[in-house]
Amino acid sequence: QVQLVESGGGLVQAGDSLRLSCAASGRTFGSYVMGWFRQAPGKEREFVAAISQNGAIYYADSVKGRFTISRDNAKNTVNLQMNALQPEDTAVYYCAAGAGRLYPRDDYEYDYWGQGTQVTVSS
């Protein structure tokens, strides 16, 4: 079982950068695929990025070239570097962990979720 705590959100201007961090508990962090999802008010939760147990990386088309996901299994952390932020990136960002390996872009692959961290981008 994994507990996740996100940090690093905030209010920034368009074009700025933020680095989100997710701290995970547990002794088996390396056995989970780690993902980032986001949800804006009135919208469905959407996939942002994921990194598998073996280091395979997946991005939503909307963030390719701007966001970078990474993990440090020794420190039980996963990070999301967000560059060139735009107002449409405004959302609550959630860190998620799951044992699934087939469909890392799908939220049903994830068993554990953090509380979320707010990212607001002003124009």
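Please read all numbers here as calculations on a predicted model, not as lab measurements.
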**Asked** Has Arg71 got its NZ or CZ under 6.0 Å from the middle of the six-membered ring of Phe29, at an angle within 45 degrees of the ring axis?
**Response**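 So Arg71 does make the cation-pi contact.
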With a 4.5 Å cut-off on side-chain heavy atoms, are [Y] and [X] touching?
X	Y	answer
Leu20	Thr117	yes
Trp36	Val78	yes
Leu18	Val119	yes
Met34	Leu4	yes
Tyr32	Tyr110	no

Under 3.5 Å donor-acceptor pairs involving side-chain atoms of residues 41-49, not counting sequence neighbours:
from	atom 1	to	atom 2	distance (Å)
Arg45	NH2	Asp107	OD2	2.9
Glu46	OE2	Arg38	NE	2.7
Glu46	OE2	Arg38	NH2	3.2

**Prompt:** Are Gln81 and Ile69 close enough, and set up right, to give a side-chain contact (heavy atoms from CB on, under 4.5 Å), and what steps lead you there?
**Reply:** CA-CA 6 Å; Gln81 177 67 43; Ile69 189 171; over 6 Å; no
**Prompt:** Counting only heavy atoms not in Gln3, do more than 12 sit closer than 6.0 Å to its CD atom?
**Reply:**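 Not buried by this count: 12 neighbours or fewer within 6.0 Å.
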**Prompt:** Which distance, rounded to the nearest 0.5 Å, do you find between the CG of Leu80 and the OG of Ser21?
**Reply:**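 Interatomic distance, Leu80 CG to Ser21 OG, rounded to 0.5 Å: 10.5 Å.
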**Request:** For the pair Glu109 (side chain) and Pro104 (backbone), establish whether a donor and an acceptor sit closer than 3.5 Å, ignoring hydrogens and angles.
**Result:**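 The answer is no, because no donor-acceptor pair under 3.5 Å joins these two groups.
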**Message:** Under a 3.5 Å distance rule, please check whether Glu6 uses its side chain to pair with a backbone N or O of Gln115 as donor and acceptor.
**Reply:**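 Yes.
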**Asked** In terms of ring plane angle, is the pair Phe67 and Tyr93 parallel, tilted or perpendicular, where the classes change at 30° and 60°?
**Response**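 Tilted: the ring planes of Phe67 and Tyr93 meet at 30° to 60°.
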Between [X] and [Y], which heavy-atom pair has the shortest distance, and what is it?
X	Y	answer
Ser122	Pro87	C-CG, 4.4 Å
Tyr94	Gly114	CD2-O, 3.6 Å
Ala97	Val2	CB-CG1, 4.4 Å
Ala91	Ala40	CB-N, 3.8 Å

**side chain to side chain donor-acceptor pair (under 3.5 Å) between Gln118 and Thr120, intermediate numbers included** = CA-CA 6 Å; Gln118 177 71 47; Thr120 303; 3.3 Å; yes
**Those residues that, when tested against Ser70, pass side-chain contact (heavy atoms from CB on, under 4.5 Å) (two or more places apart)** =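 Here the qualifying residues are Arg19, Asn79.
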**Request:** Only pairs at least two apart or in different chains count here, so list each disulfide (SG to SG under 2.5 Å) that has a residue in residues 17-85.
**Result:**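 Residue pairs with at least one partner in residues 17-85: Cys22-Cys95.
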